[in-house]
There are 2 protein chains.
Amino acid sequence: MENKEPITVVIIEDDETIRTGYTYLINANKNYKVLNAYSSVEDALTHLAEDKPQVILLDIELPGIKGIDALPKIKTILPKTHIIMLTVYDSEETVFEALTKGAAGYLTKSNNTEKIIDAIQEVVDGGAPMSTNIAKIVIRSFHKNQNSPLTKRETEILEQVANGKSRSKIAKQMFIDLETVKSHIKNIYVKLNVHSREDAIKEAKNNKYI
Amino acid sequence: MENKEPITVVIIEDDETIRTGYTYLINANKNYKVLNAYSSVEDALTHLAEDKPQVILLDIELPGIKGIDALPKIKTILPKTHIIMLTVYDSEETVFEALTKGAAGYLTKSNNTEKIIDAIQEVVDGGAPMSTNIAKIVIRSFHKNQNSPLTKRETEILEQVANGKSRSKIAKQMFIDLETVKSHIKNIYVKLNVHSREDAIKEAKNNKYI
DNA sequence: ACTCTATCACTCAAAAAGGGGGATTTTTGA
DNA sequence: TCAAAAATCCCCCTTTTTGAGTGATAGAGT
């Protein structure tokens with residue numbers, strides 16, 4: 001542990017107290033080194049190519065370019081850098097947007113500050129550090145509604161429809177007649193009170209039936 | 001902390017060593033109480049309605065009824081019980097299947113055994129405990145491919161297509177002509193080397209372009 | 001200058017979707 | 001065991017959509 005190269009970190013955070021606080025905290029540990037701490041994305045982008053940090057701590061609520069919009073820009077410059085999002089709010093859409101854009105971790109600032117070191121180590125090790133409230137949001141997004149009005153077969157078929165399959169393809173694939181598929185879809189539409197594929201998919205996804 | 005009712009737990013695990021080990025470990029803490037520890041789902045199902053545990057530790061690799069298939073059955077009997085999956089393997093499909101079926105947490109057994117208590121407390125508090133390797137799988141499932149051959153506009157349109165929308169609906173919604181949508185879709189098909197909506201959606205999802 | 005992107009145009013045949021009326025068999029729960 | 005629910009199949013019909021071919025044009029970015 002002694003003579004290993006420290007893990008390099010860059011912080012992008014507009015609140016000076018938090019910024020210097022994290023910098024101090026991280027630098028206090030010899031295994032980690034804060035290369036630079038920027039107060040804006042604009043500022044950071046002009047220096048990141050030089051810094052080449054292994055990990056970036058990126059605030060979401062920033063003036064100017066938002067942290068979320070910075071993600072793809074940073075990824076372009078430094079594709080291998082692990083980006084950990086920092087936030088005070090845990091808005092569901094923001095969480096998912098950040099994750100789809102390649103965030104490796106997601107922490108709320110209320111988090112025990114010492115945890116930040118663990119999180120940095122974790123992303124470097126290929127992990128995905130998350131605050132418990134973020135984990136909850138992510139896991140819940142997977143949960144399906146257990147009270148679906150659709151039968152097992154109907155759900156199966158609607159899933160295929162949602163995958164863009166035509167009725168005839170579904171029929172072939174499930175080894176049933178096209179008429180059977182049509183019949184199921186008719187029943188699905190009645191149960192969901194819709195009159196089109198589009199609305200059926202929308203309704204089913206909204207209620208997590210599929 | 002002294003005079004609170006202990007959190008009640010049921011364990012379903014076929015390996016006797018692990019089963020008794022966890023039971024002992026959990027009961028050692030006065031705040032938690034293992035009501036019963038079953039070696040099979042069949043056995044558990046006949047007693048769960050009586051046990052009414054707040055938390056269930058459910059092994060995935062079980063003889064007879066698998067843990068995964070037990071999930072919906074248990075949910076029917078005890079909708080409010082938090083179920084934590086235990087596994088030695090971290091198969092991606094199994095993880096997602098368990099999560100969609102309502103698992104509240106997911107731990108690999110290699111996990112530090114003391115962590116099991118934290119996990120139990122976390123689900124009771126509404127959280128979603130996960131081992132780091134599971135968190136990694138879950139987070140990665142959100143990441144989109146940053147090297148999509150599709151343009152922004154094409155991606156937007158393909159997303160609408162994947163939501164079951166017809167070309168004319170997409171046109172109206174995006175305030176562009178139907179011919180423009182058709183043109184985009186033609187280009188999408190060429191880029192993805194497909195000849196149908198179904199294949200385009202499949203290809204795009206496989207490569208995480210959408 | 002040149003390419004990429006986004007926009008729009010017209011034609012055409014085949015496929016698919018949606019809605020209407022059924023019927024039969026299998027499964028399942030009480 | 002018996003009725004209900006689910007899954008299967010069979011016609012009718014019209015309208016809409018899809019996919020493919022073969023273009024053009026204007027603007028942005030390199």
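Note on naming: letters A, B, ... go to the chains in the order of the sequence lines (proteins, then strands), and numbering restarts at 1 for each one.
- Looking at heavy-atom distances under 4.0 Å, A:His195 makes contact with sugar-phosphate atoms alone, never a base.
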Polar atom pairs (N or O), protein with nucleotides 26-30 of chain D, under 3.5 Å:
none

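- Partners of B:Glu179 under the side chain to side chain donor-acceptor pair (under 3.5 Å) rule, at least two apart in sequence or in another chain, do not exist in this structure.
- For C:dG18, the OP1/OP2 oxygens have a side-chain nitrogen or oxygen of A:Arg167 closer than 4.0 Å.
- Taken over five-pair windows at either terminus, the axes of the helix from C:dA1-D:dT30 to C:dA30-D:dT1 are inclined to one another by 80° (rounded to 10 degrees).
- Taking A:Lys33 as the reference, nothing meets the side chain to side chain donor-acceptor pair (under 3.5 Å) condition, with sequence neighbours excluded.
- One finds no side-chain N or O of A:Tyr189 lying less than 4.0 angstrom from the OP1 or OP2 phosphate oxygen of C:dG19.
- Listed by first then second residue, pairs satisfying side chain to side chain donor-acceptor pair (under 3.5 Å) with a partner in residues 69-79 of chain A number zero, not counting sequence neighbours.
- Mapping B:Ser196 and A:Val181 onto DNA chain D via the closest heavy atom, the residue that lands nearer the 5' end is A:Val181.
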Report all interatomic pairs (protein N or O, nucleotide N or O of nucleotides 21-30 of chain C) with separations under 3.5 Å.
{"unit_1": "C:dG21", "atom_1": "O6", "unit_2": "A:Lys186", "atom_2": "NZ", "d": "3.3"}

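- With distances taken from any side-chain atom of B:His184 to the nucleotides C:dA6, D:dT8, C:dT11, the minimum falls on C:dA6.
- Within 4.0 Å (heavy atoms only), B:Thr180 reaches at least one base atom of the nucleic acid.
- Nearest nucleotide to the side chain of A:Ser166, out of D:dA6, C:dA16, D:dC10: C:dA16.
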